[in-house]
Amino acid sequence: MKAKELQELLDFIAKSGLNKVNIETEEFKISVQRDPNTKHVFSAAAPAAPAAAPVAAAAPAHTAPTVAPAAEASAASNKALKAPMIGTFYRSSGPDAPAFVQVGDMVEKGQVICIIEAMKLFNEIEAEESGRIVKALVENATPVEYDQPLFLIE
């Protein structure tokens, strides 16, 4: 199952109002359980194999960052580049590699700006529009949720 298909499935489940869904095929097993007190909890496991540990990802509830009153006017003209999936956010392709983008860099539509690891797959995330990176909203190697703002661009 591709990352986009998985995200579409999770979106469908979220909109359906179901509290628990289990899907199992020869290739994978997905269990989605919703707790009314938290935003989302997702877990997925690889096919059963001897001594294989399940792969699990839990996305904590995200709180919106606070904006200082002086910055509100300039923030209104900025657009957020958002996460297209849940996973772990990385600013570079490796621990010793430079970040894809820095604050102040100009980016073009389609340029790789970060990587999100989801279920052991590293997905390159591209800028949805051109502009200048104003602020990085997520720390390196931290979990992100679907549609969570990653960068501000002007």
Side-chain angles (χ1 to χ4, degrees), residues 1-14 23 25 27-35 38-47 49 51-154:
M1 180 175 257
K2 294 182 181 180
K4 184 176 181 177
E5 293 170 326
L6 180 60
Q7 189 59 53
E8 290 172 354
L9 175 62
L10 293 174
D11 290 341
F12 174 77
I13 293 169
I23 301 172
T25 69
E27 298 174 358
F28 62 87
K29 178 180 177 181
I30 297 175
S31 177
V32 180
Q33 185 170 351
R34 191 184 343 208
D35 181 0
T38 59
K39 251 187 166 176
H40 302 287
V41 176
F42 302 109
S43 69
V55 177
H62 172 70
T63 57
T66 57
V67 178
E72 285 180 10
S74 64
S77 65
N78 297 332
K79 181 171 168 115
L81 296 174
K82 297 180 179 182
M85 64 185 66
I86 63 168
T88 304
F89 170 85
Y90 295 103
R91 295 193 63 185
S92 64
S93 60
D96 298 329
F100 290 108
V101 294
Q102 299 287 347
V103 173
D105 287 354
M106 288 297 295
V107 295
E108 298 296 322
K109 182 177 180 176
Q111 177 182 341
V112 175
I113 57 171
C114 65
I115 291 177
I116 295 180
E117 177 190 4
M119 295 176 52
K120 302 293 182 189
L121 294 174
F122 292 87
N123 302 282
E124 291 183 340
I125 307 304
E126 299 176 349
E128 296 170 355
E129 60 184 58
S130 300
R132 181 179 309 277
I133 300 292
V134 177
K135 185 174 184 179
L137 302 172
V138 179
E139 294 295 319
N140 192 44
T142 58
V144 294
E145 290 190 37
Y146 173 71
D147 217 24
Q148 177 179 342
L150 305 173
F151 296 96
L152 287 181
I153 189 169
E154 66 175 3

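As the structure is a prediction and not an experimental result, all values here were calculated from the model. One-based numbering along the sequence shown.
Between S93 and I115 the shortest side-chain heavy-atom distance falls below 4.5 Å. Side-chain contact between I125 and F100 is absent, with no heavy atoms from C-beta onward closer than 4.5 Å. Using a 4.5 Å heavy-atom cutoff, the side chains of V101 and Q111 are in contact.
Taking each heavy atom of N123 and M85 in turn, the nearest pair found is ND2-SD, 3.4 Å. In plain terms, the two heavy atoms of Q102 and I133 that are nearest each other are O-CB, 3.6 Å. Closest heavy-atom contact between P149 and L137: CB-CD1, 3.5 Å. Closest approach of V103 and A136 over heavy atoms only: CG2-N, 3.9 Å. A pairwise comparison of heavy atoms in K82 and E128 identifies O-OE2, 4.4 Å as the closest pair. When every heavy atom of S92 is checked against every heavy atom of P98, the shortest pair comes out as CB-O, 3.2 Å.
Rounded to the nearest 0.5 Å, atoms CE (M119) and CD1 (I86) are 9.0 Å apart. Remark: I113 CD1 to E108 CD distance equals 13.0 Å, nearest 0.5 Å. Note that the CE atom of M106 and the CZ atom of R132 stand 5.0 Å from one another [nearest 0.5 Å].
Here the rule is side chain to side chain contact (heavy atoms under 4.5 Å, CB included) with Y90, and of V138, I116, N140 only N140 fits it.
Proximity of a side-chain donor or acceptor of T88 to a complementary backbone N or O of A141 within less than 3.5 Å is not detected.
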